[in-house]
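One structure is given below, encoded as structure tokens.
Indexing begins at 1, ligand by ligand and atom by atom, following the structure's order.
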Amino acid sequence: MDSIIVTGNGPLNGQIPIAGAKNACLTLMPATLLSEEPLTLTNAPRLSDIKTMTTLLQSLGAEVSQLQDGRVLALSSHRLDNHVADYDIVRKMRASILVLGPMLARHGHAVVSLPGGCAIGARPVDLHLKALQALGAVLELKEGYVHASAPQGLRGAAVEFPFVSVGATENALMAATLARGTTVLKNAAREPEIVDLAHCLRRMGAEIEGEGTQTITIQGVDQLGGATHPVVADRIELGTYMLAPAICGGEVELIGGRIDLVGAFCEKLDAAGISVSETAKGLKVNRKNGRVRAVDVVTSPFPGFPTDLQAQMMALMCTAEGVSVLEERIFENRFMHAPELMRMGARIEVHGGTATVTGVEHLKGAPVMATDLRASVSLILAGLAAEGETIVNRVYHLDRGYERVEEKLSNVGAKIERISGQ
Ligand code: EPZ
């Protein structure tokens with residue numbers, strides 16, 4: 001297993017390119033199952049999760065080619081010869097559940113392994129299943145697999161989510177595009193990745209209104225065509241790298257960054273004393289003056305503060321002046337980076353879903369363990385600002401969601417290198 005060694009090296013300066021969004025691409029790729037025609041995704045990120053989704057779709061009989069060094073994905077599922085999404089693939093990546101809705105809508109049946117939990121929580125899929133049942137699916141759980149059928153096809157329905165779920169909204173949205181009649185999704189997720197999916201489905205011929213609001217209305221159509229669609233910029237990668245000059249000092253321009261994707265996050269950075277300004281190519285970030293100030297954070301669905309940036313913000317708050325209270329309201333176990341940050345001298349008290357951070361002047365480099373994707377990168381950020389050397393182990397977590405992190409950071413002056421493990 002590879003490790004990454006980071007040595008505190010002072011302010012950062014330069015440009016970091018922002019890739020296409022992992023969490024948009026992971027729902028855009030299964031959309032190919034809805035149509036016989038080819039789907040081409042440009043600005044695709046080159047990540048291990050994308051490779052896992054590629055393997056899953058190919059196991060169903062879809063064709064997926066990576067062109068232009070992986071930046072373009074050419075997908076086609078005119079010939080599907082398998083309707084079973086196997087546990088061995090699904091257990092590696094929960095987003096695999098997103099093949100269920102499209103496969104059911106187009107073919108009338110699907111067998112998908114339940115994803116199981118992950119480090120940050122149990123992460124059930126009950127909302128996905130209830131939404132598909134509302135659209136007429138007959139579901140049976142057998143030996144860890146969901147057996148779904150809709151022999152007469154799906155029919156439009158009113159679906160009200162008891163609480164916001166990104167994945168359940170995506171599964172229901174894709175399924176509804178081919179359901180007979182009108183579907184209304186209430187309390188739908190409003191994330192930019194949902195908006196991007198709706199834009200792509202509309203290019204394929206779907207009739208959708210209201211994406212980005214709490215109510216999405218879909219008129220089912222008989223079939224969908226092909227499309228070429230650019231994957232939206234990754235707001236979580238963007239927010240992550242905005243924190244690099246925030247925690248180290250200096251000035252970094254995030255190429256391709258869009259301020260509308262990180263509104264709530266930028267408000268917190270401004271309150272903490274970090275300046276964010278729009279440029280012709282993206283966003284420029286630097287510290288206004290002096291030490292970062294502690295601010296409180298509560299995670300919530302978009303347009304609130306993203307849970308996927310909580311770990312990274314905690315790293316910044318570890319070096320801030322004052323006390324910061326971070327409340328994680330989306331997942332039940334998303335503070336695993338805290339004990340690792342404490343090994344670097346951070347002062348953090350965790351009680352249930354609340355972490356209280358008392359900032360310190362300097363963190364100290366130390367060997368630390370990555371536990372999940374976003375925790376991994378928060379340790380990298382802390383290492384950038386720490387005195388001495390930090391060794392982050394198990395960086396396979398990192399490679400799921402960050403393309404060439406050591407290259408992007410060393411290009412702006414960070415002292416960071418990857419050590420290949422056995
Ligand atoms: C998506 O996960 C993202 N993943 C997550 O990013 C992100 O943290 C999350 O949305 C919230 O923004 C992808 O898009 C591939 P949810 P998802 O359904 O769809 C509970 C990353 O780091 N829930 O909005 O799984 C669930 O347990 C990843 O890139 C149910 O109880 O998230 C969680 O507590 C991590 N039943 C909450 O709802 C369900 O049927 C929100 O989950 C579905 C969800």
Side-chain angles (χ1 to χ4, degrees), residues 19-31 45 47-50 52-53 56 90 92-101 112 114-134 139 141 146 159-174 185 187-197 231-232 234-240 261-262 264-265 299-313 327-334 336-337 353 370-378 397-403:
K22 164 179 88 81
N23 290 348
C25 204
L26 289 176
T27 190
L28 291 166
M29 292 172 76
L47 302 166
S48 57
D49 270 9
I50 304 306
T52 304
M53 183 59 82
L56 174 61
V90 174
K92 290 193 192 100
M93 185 184 62
R94 302 180 36 71
S96 307
I97 194 72
L98 295 174
V99 303
L100 178 59
V112 178
L114 284 171
C118 78
I120 63 178
R123 300 183 71 184
V125 291
D126 52 323
L127 271 65
H128 298 240
L129 304 183
K130 286 193 187 99
L132 295 175
Q133 277 175 313
L139 303 179
L141 299 190
V146 178
V159 177
E160 177 138 19
F161 293 106
F163 51 85
V164 170
S165 161
V166 172
T169 302
E170 289 164 344
N171 241 331
L173 172 56
M174 287 191 280
L185 304 181
N187 202 16
R190 302 168 57 189
E191 274 67 6
E193 293 75 36
I194 306 271
V195 172
D196 202 42
L197 173 62
V231 179
V232 68
D234 192 323
R235 63 193 170 97
I236 306 303
E237 186 194 32
L238 171 61
T240 302
L261 296 175
V262 283
F265 179 66
T299 64
S300 65
F302 195 88
F305 190 100
T307 173
D308 292 351
L309 286 172
Q310 175 261 110
Q312 301 90 312
M313 190 67 175
E327 259 190 84
E328 172 55 60
R329 291 195 176 167
I330 306 291
F331 291 108
E332 64 266 33
N333 184 33
R334 204 169 196 179
M336 285 171 296
H337 40 287
T371 50
D372 61 86
L373 168 56
R374 307 303 175 182
S376 319
V377 81
S378 83
H397 290 292
L398 199 64
D399 297 334
R400 296 189 54 172
Y402 291 91
E403 203 182 294

Report task. Give the single entry among Asp126, Val125, Thr307 that approaches atom 11 (C) of ligand 1 most closely by any heavy atom. Result -> Thr307
Query raised in the report: Taking atom 7 (C) of ligand 1 as the point of reference, which of Leu373, Ile236, Asp308, Leu26 owns the nearest heavy atom?
Result: Asp308
Report task. Counting heavy atoms only, name the option from Arg334, Arg374, Arg94 that's nearest to atom 35 (C) of ligand 1. Result -> Arg334
Query raised in the report: What about Val166: any of its N or O atoms under 3.5 Å from an N or O on ligand 1?
Result: yes
Query raised in the report: Which of these, Gly304, Ala95, Gly167, has its nearest heavy atom closest to atom 19 (O) of ligand 1?
Result: Gly167
Query raised in the report: Do any N/O atoms on Pro124 end up under 3.5 angstrom from N/O atoms on ligand 1?
Result: yes
Query raised in the report: Between the main-chain N or O of Ala189 and the side-chain N or O of Thr169, is there a donor-acceptor pair closer than 3.5 Å?
Result: yes
Query raised in the report: Side chain, backbone, both or neither: which part of Ile330 comes within less than 4.0 Å of ligand 1 when only heavy atoms are counted?
Result: both
Query - Glu191 N/O under 3.5 Å from ligand 1 N/O - result: no
Report task. Classify the contact between Glu170 and ligand 1 as side chain, backbone, both or neither, using a heavy-atom distance cut-off of under 4.0 Å. Result -> neither
Query raised in the report: Which is closest to atom 18 (O) of ligand 1 by heavy-atom distance: Ser165, Pro162, Ala131, Ser96?
Result: Ser165
Query raised in the report: Do Asn23 and ligand 1 have an N or O pair less than 3.5 Å apart?
Result: yes
Query raised in the report: Please state which protein non-hydrogen atom is closest to atom 38 (O) of ligand 1 and give its distance, to 0.1 Å?
Result: Phe163 CE1, 3.4 Å
Requested in this report: Would you mind checking if Arg400 and Asp372 are paired as a salt bridge, meaning a charged N to carboxylate O distance below 4.0 Å?
Outcome: no
Query raised in the report: Non-hydrogen atoms of Met93 versus ligand 1: any pair closer than 4.0 Å?
Result: no
